[in-house]
Amino acid sequence: MWSEPGAFEVAPGVHRIPLPLPNDGLRAVNVYAIEDGDGLVLVDSGWALDEARDQLEAALGTLNKGFEDIRKFLITHVHRDHFTMAVSLRRTFGSKIGLGLGEQPSLRHMLHGQDDQHVGDLRKWGASELAETWIKIMHHVDRGEALRDYEEPDEWLVRSTVGLEHRELEVIPTPGHTRGHVVFVDHTAKVLFSGDHVLPHITPSIGFEPLRPELPLGDYMTSLRLTRELPDLKLLPAHGEVTDSSHARVDELLQFHEQRLEEIGKAVAGSAFETARKIGWTRRQRRFDDLDMFNQVLAIGETAAHLDVLVERGELTRTLNAGVLEYQA
């Protein structure tokens, strides 16, 4: 099982370390420890949880390393299961953090307490009742407590090369899953640290972030095509096992979204909310009404992302009616 704890060498000097996630269907997040002289550079960091911190410390111990040996964290995106452990460990050990520049607006929006855009989006997508439920649930969340593990990075990453002692990593922005997602390529070792951009068995959520871009699915598919233009690399994903071909999985993801666009185009029923209720969800084709609240929010956002691409392609029209976006063939 890929989520079992430990440190597993997946390329010369590169070790995959799965760390646990709380009540999450993904089960774990992969952190990659790269040997860098007498220290380490980590790609992603895990969620700042006591259990995850203990497992990370134990895994590093099998490499005869500790937290003090981590020189830098290279973070693929700002979601808490990738970013927050880095912030927690930096406070004690002084490790540096690099994060994609495209995450700057969302992170600063979170840190400085602006309004929750998810509420406005849900209303615009025709899910006003779900928006009210979201407000009630989020009202009981201590915002200060929720954000205590977030701070700005030491470095905002752009497309460039990060030089380590014995290797170079190319930084490539891949917006889509989030607007500032980046991947890292070691061309010498022929590996792609793909974060949540390319996952081996699931499709990442699109556009669920504090500041949603105008066309998140369009951004994602463009990023997939950019990744496809790279050499065929060993895929080191944030969730799931390592696989041999980045090209094979990128092709599957592009095909999936084209099929999903066709399906949603045929099912279009006014608002994104109404359309989402007409199609199946997850590989089990679950009914929308059987999803929990959080996954219903994701599903409506995904549907809206596909509908907006169909509008961009000229296959649908979109009008604003009493504050709700309505789509028609």
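Atoms considered below: every heavy atom in the structure, side chains included; atoms not considered: hydrogens, waters and symmetry mates. Numbering of residues begins at 1 and proceeds along the displayed sequence.
Put simply, Phe83 and Met110 are part of the same group of oily side chains (I, L, V, M, F, W, Y) that touch within less than 4.5 Å, one to the next. At a threshold of 4.5 Å between side-chain heavy atoms, the hydrophobic network of Ile, Leu, Val, Met, Phe, Trp and Tyr places Phe8 and Leu192 in two separate groups. No path of Ile, Leu, Val, Met, Phe, Trp and Tyr side chains, each step under 4.5 Å between heavy atoms, connects Val10 with Leu40, placing them in separate hydrophobic clusters. Put simply, Ile17 and Leu42 are part of the same group of oily side chains (I, L, V, M, F, W, Y) that touch within less than 4.5 Å, one to the next. If you chain together hydrophobic residues whose side chains sit under 4.5 Å apart, Leu325 and Leu215 fall into the same group.
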Check residues 264-278 and write down every donor-acceptor pair under 3.5 Å in which the side-chain atom is one partner and the other belongs to a residue at least two apart or another chain.
{"residue": "Lys266", "atom": "NZ", "partner": "Glu262", "partner atom": "OE2", "Å": "3.3"}
{"residue": "Ser271", "atom": "OG", "partner": "Phe273", "partner atom": "N", "Å": "3.4"}
{"residue": "Ser271", "atom": "OG", "partner": "Glu274", "partner atom": "N", "Å": "3.1"}
{"residue": "Ser271", "atom": "OG", "partner": "Glu274", "partner atom": "OE1", "Å": "3.4"}
{"residue": "Glu274", "atom": "OE1", "partner": "Ser271", "partner atom": "N", "Å": "3.0"}
{"residue": "Thr275", "atom": "OG1", "partner": "Ala269", "partner atom": "N", "Å": "3.0"}
{"residue": "Thr275", "atom": "OG1", "partner": "Ser271", "partner atom": "O", "Å": "2.9"}
{"residue": "Arg277", "atom": "NE", "partner": "Asp289", "partner atom": "OD1", "Å": "3.4"}
{"residue": "Arg277", "atom": "NH2", "partner": "Asp289", "partner atom": "OD1", "Å": "3.4"}
{"residue": "Arg277", "atom": "NH2", "partner": "Asp289", "partner atom": "OD2", "Å": "3.0"}
{"residue": "Lys278", "atom": "NZ", "partner": "Ala267", "partner atom": "O", "Å": "3.4"}

Enumerate, atom names and distances included, each donor-acceptor pair closer than 3.5 Å involving a side-chain atom of residues 55-68, sequence neighbours excluded.
{"residue": "Thr62", "atom": "OG1", "partner": "Ala59", "partner atom": "O", "Å": "2.6"}
{"residue": "Lys65", "atom": "NZ", "partner": "Asp38", "partner atom": "O", "Å": "2.9"}

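Side chain of Ser160 to backbone of Val158: a donor-acceptor contact under 3.5 angstrom is found. Side-chain atoms of His306 never come within 3.5 Å of backbone atoms of Leu261 as a donor-acceptor pair (strictly under, hydrogens ignored). With Thr174 contributing its side chain and Ser223 its backbone, the two residues share no donor-acceptor pair below 3.5 Å. Without hydrogens or angle criteria, Glu35 side chain to Gly39 main chain gives no donor-acceptor distance under 3.5 Å. Remark: side-chain polar atoms of Asp44 are not paired, donor with acceptor, to backbone N or O of Tyr32 under 3.5 angstrom. Here the side chain of Glu209 pairs a donor or acceptor atom with the backbone of Arg179 at under 3.5 angstrom. Checking side-chain atoms of Thr84 against main-chain N and O of Ala48 turns up a donor-acceptor pair under 3.5 Å.
The side-chain heavy atoms of Ile300 and Phe288, taken from C-beta on, include a pair separated by under 4.5 Å. In this structure, the side chains of Ile97 and Ser45 stay at 4.5 Å or more apart for every pair of heavy atoms. At least one side-chain heavy atom of Phe256 sits under 4.5 Å from a side-chain heavy atom of Thr203. Looking only at side-chain heavy atoms (C-beta outward), Leu291 and Arg286 come within less than 4.5 Å of each other. Contact of the Val183 side chain with the Val198 side chain is not registered, since no non-hydrogen atoms from C-beta on lie closer than 4.5 Å. Between Tyr327 and Asp308 there is a side-chain heavy-atom pair separated by less than 4.5 Å. In this structure, the side chains of Phe193 and Val185 stay at 4.5 Å or more apart for every pair of heavy atoms. Side-chain contact check for Glu168 versus Thr188: every heavy-atom pair is 4.5 Å or farther apart.
A salt bridge links Glu258 to Arg313: at least one charged side-chain nitrogen sits closer than 4.0 Å to a carboxylate oxygen. Salt bridge annotation for Glu132-Arg123: present, with a cationic side-chain nitrogen under 4.0 angstrom from a carboxylate oxygen. We find that Arg108 and Glu152 are joined by a salt bridge, their nearest charged nitrogen and carboxylate oxygen being less than 4.0 Å apart. One finds a salt bridge joining Arg90 and Asp154 here, because a Lys/Arg side-chain nitrogen approaches an Asp/Glu carboxylate oxygen to under 4.0 Å. Note on Glu302 versus Arg260: no salt bridge recorded, every NZ/NE/NH1/NH2 to OD/OE distance being 4.0 Å or above. With respect to Asp121 and Arg212, no salt bridge is recorded, no charged nitrogen being found less than 4.0 Å from a carboxylate O.
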- Message: side chain to side chain contact (heavy atoms under 4.5 Å, CB included) for Leu236 and Arg16? Distances and angles first, verdict last.
- Response: CA-CA 8 Å; Leu236 307 187; Arg16 183 180 66 84; over 6 Å; no
- Query: Is there a side chain to side chain contact (heavy atoms under 4.5 Å, CB included) between Leu230 and Ile172 once you walk through the steps?
  - Reply: CA-CA 11 Å; Leu230 296 169; Ile172 302 176; 3.8 Å; yes
- Message: Applying side chain to side chain contact (heavy atoms under 4.5 Å, CB included) to His79 and Thr178, what does each step give before you reach the verdict?
- Response: CA-CA 9 Å; His79 286 165; Thr178 67; 3.4 Å; yes
- Determine, stepwise, if the pair Trp281 / Asp290 fulfils side chain to side chain contact (heavy atoms under 4.5 Å, CB included). CA-CA 10 Å; Trp281 293 97; Asp290 293 335; over 6 Å; no
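Within a 6.0 Å sphere centred on CD of Glu129, other residues, nucleotides and ligands contribute 12 heavy atoms or fewer. Heavy atoms from other residues, nucleotides or ligands lying under 6.0 Å from CD of Glu165 number more than 12. For Asp292, the CG atom is densely surrounded, since the number of other residues' heavy atoms within 6.0 Å is greater than 12. Within 6.0 Å of CD in Glu214 there are 12 or fewer heavy atoms belonging to other residues, nucleotides or ligands. Other residues, nucleotides and ligands place more than 12 heavy atoms under 6.0 Å from the NZ atom of Lys124. Counted within 6.0 Å of CG on Asp54, heavy atoms from surrounding residues, nucleotides or ligands total more than 12; the atom is thus considered enclosed.
Note that the CG atom of Leu74 and the CG atom of Leu169 stand 6.5 Å from one another [nearest 0.5 Å]. Atoms CZ and CG, on Arg27 and Leu19 in that order, are 14.5 Å from each other to the nearest 0.5 Å. Atom CG of residue Leu254 and atom CD of residue Gln259 lie 11.0 Å apart, to the nearest 0.5 angstrom. Rounding to the nearest 0.5 Å gives a distance of 6.5 Å between CG of Leu89 and OG of Ser95. Between the CG atom of Leu101 and the CD atom of Glu155 there is a distance of 10.5 Å, given to the nearest 0.5 Å. Separation of atoms NE2 (His77) and NE2 (His177) is listed at 3.5 Å; rounding is to 0.5 Å.
Side chains of Thr227 and His197: a donor on one and an acceptor on the other come within 3.5 Å. Asp232 and Ser245 form a side-chain donor-acceptor contact under 3.5 Å, judged by distance and modelled atom types alone.
Ring geometry, Phe208 versus His118: the interplanar angle falls under 30°, so the pair is classed parallel (tilted spans 30 to 60°).
Taking the six-membered ring where the residue is Trp, the centroids of His201 and His239 are separated by 6.0 Å or more.
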